[in-house]
Student: 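Quick one: this structure, given as C-alpha cells, is what I'll be asking you about.
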Amino acid sequence: MTSPSLLRKLALGIVCFGLAGCFDGTSIDTKTKTNAVQNTPKAGPSQKPNVVIFYVDDLGYGDLSSYGMTATQTPNIDALATDGIRYTDAHSSAATCTPSRYSLLTGQYAFRNNAAILPGDAPLIIDPAIPTLPKMMQKAGYKTAVVGKWHLGLGRGYVDWNTAVKPGPLELGFDYSFLMPATGDRVPTVYLENHHVVNLDPNDPITISYDERIGKRPVATESPELLKQQADLQHSRTIVNGISRIGWMAGGHSAEWVDEEFPSVFTDKAIEFIQDAKDQPFLLYFPFHDIHVPRVPNELFAGKSGMGPRGDAILQVDWMTGRIVDALKEAGVYDNTLIVFSSDNGPVMDDGYADQAEELRGEHDPAGGFRGGKYSAYEAGTRVPMIVTYPNGLVQGGESSALVSHIDLYRSLAELVSVELEDGEAIDSVNLLDALLDSRKAGRDEMLEESFTVSLRSGKWKFIEPFTGTTPDWLANKTAIENGLQAQPQLFDLSKDVHEQNDVADQFPEVVEQLQARLKQIRQMN
C-alpha cells in the first residue's frame with residue numbers, strides 16, 4: 001500500500017487524470033554505415049546541450065496516443081513529439097531488454113558479448129575497461145547519471161549486497177546512479193544508490209539465491225492468499241509487497257522497495273540530479289521499470305486507463321516523463337536539452353503475472369499493426385516509438401521515416417559534443433546526427449535486429465535468419481506472440497508488405513544468399 005504522505009503529494013493538482021485532455025502532468029509537487037553528417041549545427045563550448053534519454057521498458061509502437069493509441073491519452077509524451085521529431089522506423093537493437101541496453105551503452109551489438117536476459121545476481125556484462133557512452137560524455141565535460149532499472153549485471157560473479165557492490169554503473173562512466181539492480185520481478189527487491197543498498201540494516205543482512213530456497217519469507221506456491229496478482233511458476237518464489245518474484249531473498253526488510261512508490265522515488269532522484277547538475281552539461285539516462293511486469297501502478301493511476309494495470313502503467317510513464325520535463329524547464333535548461341524518448345523492445349501482454357493485460361486491452365493494439373512483439377524476430381520486436389526533442393538545435397521537426405537504431409545514439413552524440421572516438425569504439429554505431437535533428441534526413445541503409453535469431457534490414461528487404469536451436473519452453477508457451485523462429489530463412493519486401501505477411505524467400509533465393517553473406521560479414525567485424 002502506498003504511504004498516505006506520498007498519496008497526499010501525488011494528489012495535489014490532480015482531479016481527473018486519464019480523461020482526454022484533462023491532465024498535463026505539471027502540477028504535482030513531489031521530489032550501412034550511411035550519410036556522413038555535413039553542416040550540422042554544433043553547440044559551442046559554452047552551450048553544450050544536455051542530454052536526457054528516457055528508455056521505457058516493453059512499450060510498443062502503438063502504446064502512445066501520438067502513435068495512434070485511442071484507448072487513453074499520453075499528453076506529456078505527445079508534447080515532446082509536438083516539439084520534436086516522431087520516428088516511424090526507429091528500433092531498439094534487440095527484442096529483449098538486456099541486449100538493447102548493452103548496445104545503447106556500448107555502441108556494439110549484444111551478440112559480440114553473448115549478452116542475453118540476465119538473472120538478478122548476474123555479474124556486470126560490460127567490461128569496465130571498454131569505452132562506453134557515459135565515459136565518452138565525460139570526456140566532453142559532462143556530468144552523468146543513471147536512474148531507474150539497470151539489468152546489466154553487477155559485481156564480478158558474486159555480489160555481497162551488504163557491502164560495496166561494484167563494479168557497476170560508476171565504473172562504466174556514470175558519476176551518479178540510483179538503481180533497481182535487475183528487474184521488478186527479480187530479487188533483490190531493494191534500491192542501490194551508487195555502491196550501496198539504500199536503508200539497509202546491518203543487523204538484517206540480505207542474502208539472495210536463484211538456486212534454492214532460503215530465508216523464512218512466504219512464497220507464492222504456499223501462500224497465494226498474500227498475492228496482489230497471481231503468477232506463473234517462474235515468478236512464484238519470494239513474496240515482497242504482495243508480489244511474488246523470481247528467486248529467493250532473506251533479510252533486508254528495512255531496504256525493501258514498495259512497487260507503488262516507483263514513480264515518485266525514481267522521478268525525485270532524477271530531478272535532484274537535474275537541479276544539482278544544471279550549471280554544467282549533463283547526461284541523464286532514465287531507464288523506466290514500467291511497463292515491465294509486475295505492473296503495480298500507484299493508486300493515483302490504478303484503474304484510470306480502462307485497460308488494467310498495463311494501461312495504468314503507461315499513464316504512470318507519461319506522468320513521470322512530464323515531471324522530469326517540467327524540472328528541465330524550471331531549471332531553465334529545457335531549450336538546450338536533447339531529449340530522446342523510446343523503448344527497449346516491443347510489447348508483451350502476458351509476461352508471467354495474471355494482470356489481465358490481454359483481456360482488458362479491448363481494441364487497443366500495442367504493436368501498432370506490426371507483427372510479433374517482445375522476444376520476436378518480426379518488426380514489432382524492435383520497432384518502437386521514438387521521439388527526439390531539442391528546441392535549440394532542431395532543424396526541422398515533424399515525422400521522420402529514417403531507419404534508426406538506438407545503437408546509433410553513441411556515435412551521434414559523440415558528433416554532437418565533438419568527441420573523436422577511438423579505434424574500435426562503438427563499432428556498430430552509425431553517426432545519424434542529421435536524422436536526429438532534421439526530420440527530412442535519411443537514416444541507415446541496413447540494420448541488424450537481434451532476437452532469439454538475427455534479422456537484417458537492407459533497403460526494402462527484411463531477412464530473418466533460420467533458427468536451428470531449441471525454442472525455450474517459456475517462449476514457446478507465449479502463444480500470443482509470433483516469435484519468428486523458423487528452420488527456413490524468411491524474406492519480406494517491406495516496401496509492399498510492412499506487416500510481414502508474405503514470405504518471399506522462395507521467390508528471391510539470390511537475395512536470401514546475399515543477405516546471409518552480409519550477416520556473416522557483420523559478425524566478423526571487430
Side-chain angles (χ1 to χ4, degrees), residues 57-58 96-102 110 113-126 146-169 172 177-200 204-215 217-221 229 231-253 255-259 262 265-266 287-290 292-296 344-345 348 351-353 374 472 474:
D57 202 317
D58 295 351
T96 52
C97 57
T98 297
S100 292
R101 293 155 197 263
Y102 176 90
N113 194 35
N114 297 316
I117 304 171
L118 297 177
D121 59 351
L124 181 66
I125 62 169
I126 301 177
V146 53
V147 176
K149 172 189 164 182
W150 183 238
H151 208 192
L152 288 165
L154 292 162
R156 298 190 181 280
Y158 170 77
V159 174
D160 181 351
W161 300 96
N162 307 289
T163 60
V165 178
K166 57 183 179 180
L172 298 181
S177 71
F178 186 92
L179 305 177
M180 170 185 293
T183 62
D185 58 349
R186 289 168 171 81
V187 296
T189 53
V190 297
Y191 298 118
L192 189 72
E193 188 166 29
N194 295 326
H195 288 139
H196 295 278
V197 171
V198 177
N199 294 329
L200 180 62
D204 183 29
I206 296 174
T207 307
I208 69 167
S209 173
Y210 280 81
D211 299 320
E212 60 184 3
R213 184 173 179 176
I214 59 173
R217 295 173 187 265
V219 296
T221 51
Q229 297 175 6
D232 63 18
L233 188 60
Q234 182 190 26
H235 294 83
S236 290
R237 275 115 192 194
T238 290
I239 299 174
V240 178
N241 187 38
I243 300 292
S244 55
R245 321 282 171 160
I246 301 173
W248 293 272
M249 175 174 164
H253 291 79
E256 292 174 4
W257 68 47
V258 176
D259 302 67
F262 287 161
V265 170
F266 288 128
F288 292 79
H289 168 259
D290 291 321
H292 193 282
V293 295
R295 301 164 185 136
V296 193
D344 65 351
N345 48 246
V348 59
D351 212 14
Y353 292 89
K374 182 178 181 178
W474 63 267

Student: Are the side chain of Asn113 and the backbone N or O of Ile125 linked by a donor-acceptor pair below 3.5 Å?
Tutor: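 Here the side-chain-to-backbone pair exists.
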Student: Asp351 and Arg295: salt bridge (Lys or Arg N to Asp or Glu O under 4.0 Å), yes or no, with the steps?
Tutor: CA-CA 10 Å; Asp351 212 14; Arg295 301 164 185 136; 5.9 Å; no
Student: Quick one: pull up CD1 in Ile214 and OG1 in Thr238 and give me the separation to the nearest 0.5 Å.
Tutor: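 Atom-to-atom, Ile214:CD1 and Thr238:OG1 are 7.0 Å apart.
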Student: Ignoring hydrogens and geometry, is there a side-chain-to-backbone donor-acceptor pair from Arg217 to Val240 under 3.5 Å?
Tutor: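 Not a single qualifying donor-acceptor pair exists.
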Student: Could you check whether the rings of Tyr191 and Phe266 sit parallel, tilted or perpendicular, using 30° and 60° as the cut-offs?
Tutor: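 Ring orientation, 0 to 90° scale: perpendicular.
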Student: Distance from Leu124 atom CG to Leu172 atom CG, nearest 0.5 Å?
Tutor: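 Here the interatomic distance stands at 5.0 Å.
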Student: Restricting to non-hydrogen atoms, name the atom on Asp160 and the atom on Val165 that form the minimum distance, rounded to 0.1 Å.
Tutor: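 Here Asp160 and Val165 meet closest at O-CG2, 3.9 Å.
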Student: Are the side chains of Asn241 and Glu256 in touch, meaning some heavy atoms are under 4.5 Å apart?
Tutor: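 They are not in side-chain contact.
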Student: Has Arg237 got a side-chain atom pairing as donor or acceptor with Arg186's backbone, closer than 3.5 angstrom?
Tutor: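 Side chain of Arg237 to backbone of Arg186, a donor-acceptor pair under 3.5 Å: no, none is there.
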Student: Check whether more than 12 heavy atoms from other residues, nucleotides or ligands sit under 6.0 Å from atom CZ of Arg213, and answer yes or no.
Tutor: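 More than 12 heavy atoms, drawn from other residues, nucleotides or ligands, come within 6.0 Å of this atom.
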Student: Show, in sequence, the C-alpha distance, side-chain angles and deciding distance for Thr98 and Leu152, and conclude whether the side-chain contact (heavy atoms from CB on, under 4.5 Å) test is met.
Tutor: CA-CA 6 Å; Thr98 297; Leu152 288 165; 4.1 Å; yes
Student: For Trp257, does its backbone N or O pair with a side-chain atom of Thr189 as donor and acceptor, under 3.5 Å?
Tutor: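 Checked: no pair found.
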Student: If you compare all heavy atoms of Ala250 against all heavy atoms of Gly215, which two are closest, and at what distance to 0.1 Å?
Tutor: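 Minimum heavy-atom contact is CB-CA, 3.6 Å.
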Student: Within a strict 4.5 Å, meaning less than it, do heavy atoms of the Asp57 and Arg101 side chains meet?
Tutor: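 Asp57 vs Arg101: side chains touch.
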Student: Evaluate the side-chain contact (heavy atoms from CB on, under 4.5 Å) criterion for residues Tyr210 and Val187: first the C-alpha distance (whole Å), next the side-chain angles of each, then the deciding distance (0.1 Å), finally the verdict.
Tutor: CA-CA 9 Å; Tyr210 280 81; Val187 296; 3.8 Å; yes
Student: Between Leu154 and Pro169, is any pair of side-chain heavy atoms under 4.5 Å apart?
Tutor: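 They are in contact (side-chain heavy atoms under 4.5 Å apart), so the answer is yes.
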Student: For residues Asp204 and Gly251, report the shortest heavy-atom separation together with the two atoms involved.
Tutor: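 Between these two residues, the closest heavy atoms are OD1-CA, 3.3 Å.
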Student: Looking at Tyr353 and Ser244, what are the two nearest heavy atoms and their distance?
Tutor: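 It is OH-O, 2.6 Å.
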Student: Do the side chains of Pro181 and Trp161 get nearer than 4.5 Å, heavy atoms only?
Tutor: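 In short, these two side chains touch, coming nearer than 4.5 Å.
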Student: Test Trp248 against Val219 for side-chain contact (heavy atoms from CB on, under 4.5 Å), laying out the working first.
Tutor: CA-CA 9 Å; Trp248 293 272; Val219 296; 4.0 Å; yes
Student: Do Asn162 and Ile206 have side chains that approach each other closer than 4.5 Å (heavy atoms only, starting at C-beta)?
Tutor: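 They are in contact (side-chain heavy atoms under 4.5 Å apart), so the answer is yes.
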Student: Compare all side-chain heavy atoms of Val159 with those of Asp121 and state whether any distance is below 4.5 angstrom.
Tutor: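 SC-SC contact between Val159 and Asp121 ruled out.
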Student: Are any side-chain N or O atoms of Asp344 and backbone N or O atoms of Asp58, one a donor and one an acceptor, separated by less than 3.5 Å?
Tutor: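 Present.
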Student: Please determine whether side-chain contact (heavy atoms from CB on, under 4.5 Å) holds for the pair Asp185 and Arg245, giving the CA-CA distance in whole Å, both sets of side-chain angles, and the decisive distance to 0.1 Å.
Tutor: CA-CA 5 Å; Asp185 58 349; Arg245 321 282 171 160; 5.5 Å; no
Student: What's the separation between atom CG in Leu192 and atom CZ in Phe178, rounded to the nearest 0.5 Å?
Tutor: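 Rounded to the nearest 0.5 Å, the CG-CZ separation comes out at 9.0 Å.
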Student: Less than 4.5 Å apart, any side-chain heavy atom of Lys149 and any of Cys97?
Tutor: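 Sidechains of Cys97 and Lys149: in contact.
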Student: Flag the pair His289 / Pro294 as yes when at least one side-chain heavy-atom distance between them is below 4.5 Å, and no otherwise.
Tutor: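 Yes, close enough: below the 4.5 Å cut-off.
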Student: Minimum heavy-atom separation for Pro188 and Ile208, please, with both atom names.
Tutor: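 Where Pro188 meets Ile208 most closely, the heavy atoms are CD-CD1, 3.8 Å.
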